[in-house]
Student: 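Quick one: this structure, given as structure tokens, is what I'll be asking you about.
The shown structure was predicted, so the numbers you read here are calculated from the model rather than taken from an experiment. A, B, ... follow the sequence lines: proteins, then strands. Residue 1 opens every chain.
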Protein chains: 2
Amino acid sequence: MKRRPSTITDIAKALNVSASTVSRALHDSPSISQETKDAVIALAKQLNYQPNMLAVSLLNKKTKTIGVIVPEITSYFFATVISGVQDMVEEANYKLIICQSNESFEEEKKLIETLSLGRVDGFLISPSSKTTNFEHLEKLRASGNPVVVFDRDCPNFEADKVLVDDYDGAFQAVDYLVKTGCQRIAHITGPKNLTTCQHRKAGYLDALKKNGRTVNPDYITEVEGFTSEDGEEAAKKLLDLDTPPDAIFAINDAVAIGAMAVIREKGIHIPEEISLVGFDDEPYSKYFKPSLTSVWQPVYDLGMLSSRILMNHILNDLEDYNYRYELLKPELIIRNSSRPLP
Amino acid sequence: MKRRPSTITDIAKALNVSASTVSRALHDSPSISQETKDAVIALAKQLNYQPNMLAVSLLNKKTKTIGVIVPEITSYFFATVISGVQDMVEEANYKLIICQSNESFEEEKKLIETLSLGRVDGFLISPSSKTTNFEHLEKLRASGNPVVVFDRDCPNFEADKVLVDDYDGAFQAVDYLVKTGCQRIAHITGPKNLTTCQHRKAGYLDALKKNGRTVNPDYITEVEGFTSEDGEEAAKKLLDLDTPPDAIFAINDAVAIGAMAVIREKGIHIPEEISLVGFDDEPYSKYFKPSLTSVWQPVYDLGMLSSRILMNHILNDLEDYNYRYELLKPELIIRNSSRPLP
DNA sequence: CTGTTAGCGCCTTCAC
DNA sequence: GTGAAGGCGCTAACAG
């Protein structure tokens, strides 16, 4: 049943020519007679010949494959980034190996190791929330592998980076909450390690300060993960305060939705009594009741741009290259979970 | 900058031994002196030696990699299946190449071609909604590639299959709608080609018939895709009927959510005036208002089982094998978008 | 204990 | 136009 795939040598033997001739014929080399070509191609089709890319890659030292490592494939955000990457990379006739680290540092290291052994031509990486040490990336780059970091920054690791201006997104959101009259604005932040979370928190803090508000540490609470269940817990904590907040800016939409459920259970009205803003603008977010105000990110472009930069690296061997640092602009999408501007 | 990765030969030369000795030392072969081993291993580490898997795979005719083709990586359903697959496959020390066809037949063929050229050891495939011809799969299997089809069946293509009992899920849902007193139960079905949609529709029809209801063709409408926008359109059509339905069983949760939005806009009450049931039980579904009744599927298990069967095929060369046909049981999760049983 | 040989499948010189 | 030789990096079989 398990037949040996036919090779260039099989064709050569059957046709009484040399393997080189077959190879040349298959590549439509001008120095091969039409007859031979026809014969070779015909037989190749008949034998269902398929070039063995392993052999080709071994020879060329190019796999025409890039490795993508994301923390979670399940999330709308990363899944969409990947779509962008795929569309870009396809044009260059490159393939993608998609891997998820499940937010685990160990898995991330292992994945990089494996991809590296498999000799992928380049890496697109968004580190896990547990990753604080970037030696594995340093090592990767030290051995000459093109690496582009996206969405989540790796501080102190020099590389091409394509990020979203999380600070700006958060600032827009909180500034808007202030301007719509919210007095006690809370923030549900995410894992400390993540620059995305740090920057969103910084945006939150600065928006408060620029508007002359004092920061109340009780109004900042942290979640371990990014799920709605995490959001529920965090919201409960906030609502149990003696003077609960009248606005919550959540680290992302999933968390915001969990918060929304808790708020609703308590019979508190959104946005009259409490405003709610998320981050990501997931497809479902507009369908909640009330529809969720959120910060949209150029996710698809993030994928396109990251892979464009990576491909540029791979295809043109660049000397003395200055790493690029791209910051994409997010945008606040106002819906009904927050009040209108006066 | 782009350094040539060090090879076994580099180490051999530097140490004045043969490449085989190095190879054996690296594999901790018992027939190598401890000294030599130590020397080799030390130098290997120093040179940052990494075995070239391309060469190994070429030699073994095994890549220890399996290819997964799904229509859409973005969907909760497939993303979760992949998690199951990954966890299973990892135990066997296999890698995954994840690809999405974007519901395009052409892309699907191309992906299979590419993976096949890359000599993956096996395939896990859920066909696109445009796929009606299975020659590409036949060809794949004919050349001895293990193939497992999951979730979406390929009629007339013999292979291992791991599916969900969509008929049963739909039957449960509609039977329940009948029992809760719904008189005019509509169904939003999906792309005709998909067996999942066909079976859900069959379950819907049979549940009506078994309960002595007549089927009103006006109450069956079809969507092209699986998005909430599709659901909105479909729901509008249904609600514009002279006697609109008092229940909608939607092909999946995303579509149901679109329908929910339209129903709400018209000021119709769920579930008092109209019941709504989805399929998939996505994580968000319980957070909608009202929370969505839906058919849960054993998604993670689907991934685990499919890959277990595939791995079994790959690891044990099975002769005269009878293809397996596994049908996993879904479960109706009752929430507030439908009425309670009397 | 270690070296030599051969070959996985392919392509690229260099000959003729 | 075509063939022969060599090699990508690695391992297994056969010798010592």
Student: OP1 or OP2 of D/dG3 sitting under 4.0 Å from any side-chain N/O of A/Ser18?
Tutor: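 Checking D/dG3 against A/Ser18, a side-chain N or O does come within under 4.0 Å of OP1 or OP2.
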Student: Taking all heavy atoms of B/Gln100 and all of A/Ser83, pick out the closest pair and write down the distance.
Tutor: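 The pair with the smallest heavy-atom distance is NE2-OG, 3.5 Å.
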Student: Looking at residues 22-42 of chain B, who's got a heavy atom less than 4.0 Å off DNA chain C?
Tutor: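 Residues of residues 22-42 of chain B that come under 4.0 Å of DNA chain C are, in numerical order, B/Arg24, B/Ser31, B/Ile32, B/Ser33, B/Thr36.
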Student: So what is the end-to-end bend of the helix from C/dC1-D/dG16 to C/dC16-D/dG1, with 5 pairs used at each end and the value given to 10 degrees?
Tutor: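 One end axis against the other gives 50°.
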Student: Atom pairs, N/O to N/O, protein against nucleotides 5-8 of chain D, distance under 3.5 Å?
Tutor:
unit_1, atom_1, unit_2, atom_2, d
D/dC8, O3', A/Lys61, NZ, 3.1

Student: Can you tell if the side chain of B/Val162 reaches within under 4.5 Å of the side chain of B/Arg324, non-hydrogen atoms only?
Tutor: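 No, their side chains stay 4.5 Å or more apart.
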Student: Does some side-chain heavy atom of B/Val89 sit less than 4.5 Å from a side-chain heavy atom of B/Lys95?
Tutor: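 The answer is no, as the side chains (C-beta and beyond) never meet within the 4.5 Å cut-off.
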Student: Mind calculating the distance between NZ (A/Lys13) and P (D/dA4) to the nearest angstrom?
Tutor: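 In whole Å, D/dA4 P lies 13 Å from A/Lys13 NZ.
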Student: Are B/Phe157 and B/Val149 side-chain neighbours, meaning at least one heavy-atom pair lies under 4.5 Å?
Tutor: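 Heavy-atom side-chain distance check passes, below 4.5 Å.
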Student: In plain terms, say whether B/Lys64 and B/Asp121 are close enough for a salt bridge, that is, a side-chain N and a carboxylate O under 4.0 Å apart.
Tutor: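 A salt bridge is absent here (no side-chain N lies under 4.0 Å from a carboxylate O).
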Student: So which heavy atom on B/Pro51 is nearest to which on A/Arg119, and how close?
Tutor: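 Distance-wise, the nearest heavy atoms are O-NH1, 3.7 Å.
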Student: Show me the pairs that pass side-chain hydrogen bond (donor to acceptor under 3.5 Å, both in side chains) and involve residues 33-50 of chain A, at least two apart or across chains.
Tutor: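 Listed once each, the pairs are A/Asp28-A/Lys37, A/Ser33-A/Thr36, A/Gln34-A/Asp38, A/Gln50-B/Ser116.
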Student: Checking A/Glu107 against A/Ser101: is there a side-chain donor and acceptor pair closer than 3.5 Å?
Tutor: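 Per modelled atom types, A/Ser101 and A/Glu107 side chains form no pair under 3.5 Å.
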Student: Taking all atoms of both residues into account, what is the closest heavy-atom pair of A/Arg152 and A/Pro71, and its distance?
Tutor: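 In terms of heavy atoms, the two residues are closest at NH1-CG, 3.2 Å.
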Student: Side-chain donor-acceptor contacts of residues 308-315 of chain B below 3.5 Å, not counting sequence neighbours, with atom names and distances?
Tutor:
unit_1, atom_1, unit_2, atom_2, d
B/Asn312, OD1, B/Asn316, ND2, 2.5
B/His313, NE2, B/Asp160, OD2, 3.2

Student: Using a 4.0 Å heavy-atom cut-off, does A/Asp10 contact any base of the nucleic acid, only the sugar-phosphate backbone, or nothing at all?
Tutor: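 Since no nucleic acid heavy atom lies under 4.0 Å of A/Asp10, the category is nothing.
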Student: 5' to 3' on DNA chain C, which nucleotides open and close the contacts with chain B (atom under 4.0 Å from a heavy atom)?
Tutor: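 With heavy atoms of chain B under 4.0 Å away, the range is C/dC1 to C/dG9.
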Student: Starting at CG of B/Asn60 and ending at C1' of D/dC10, how long is that distance when rounded to a whole Å?
Tutor: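 Value for this atom pair: 9 Å.
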Student: Apply side-chain contact (heavy atoms from CB on, under 4.5 Å) to A/Arg24 and A/Ser31, showing your working.
Tutor: CA-CA 8 Å; A/Arg24 282 188 277 244; A/Ser31 64; 4.3 Å; yes
Student: Between B/Lys110 and A/Glu90, is a side-chain contact (heavy atoms from CB on, under 4.5 Å) present by the stated rule, with each step listed?
Tutor: CA-CA 11 Å; B/Lys110 207 168 139 194; A/Glu90 217 159 63; 4.1 Å; yes
Student: With rounding to the nearest 0.5 Å, note down the distance linking OG1 in B/Thr63 to CG in B/Leu115.
Tutor: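 Interatomic distance, B/Thr63 OG1 to B/Leu115 CG, rounded to 0.5 Å: 9.5 Å.
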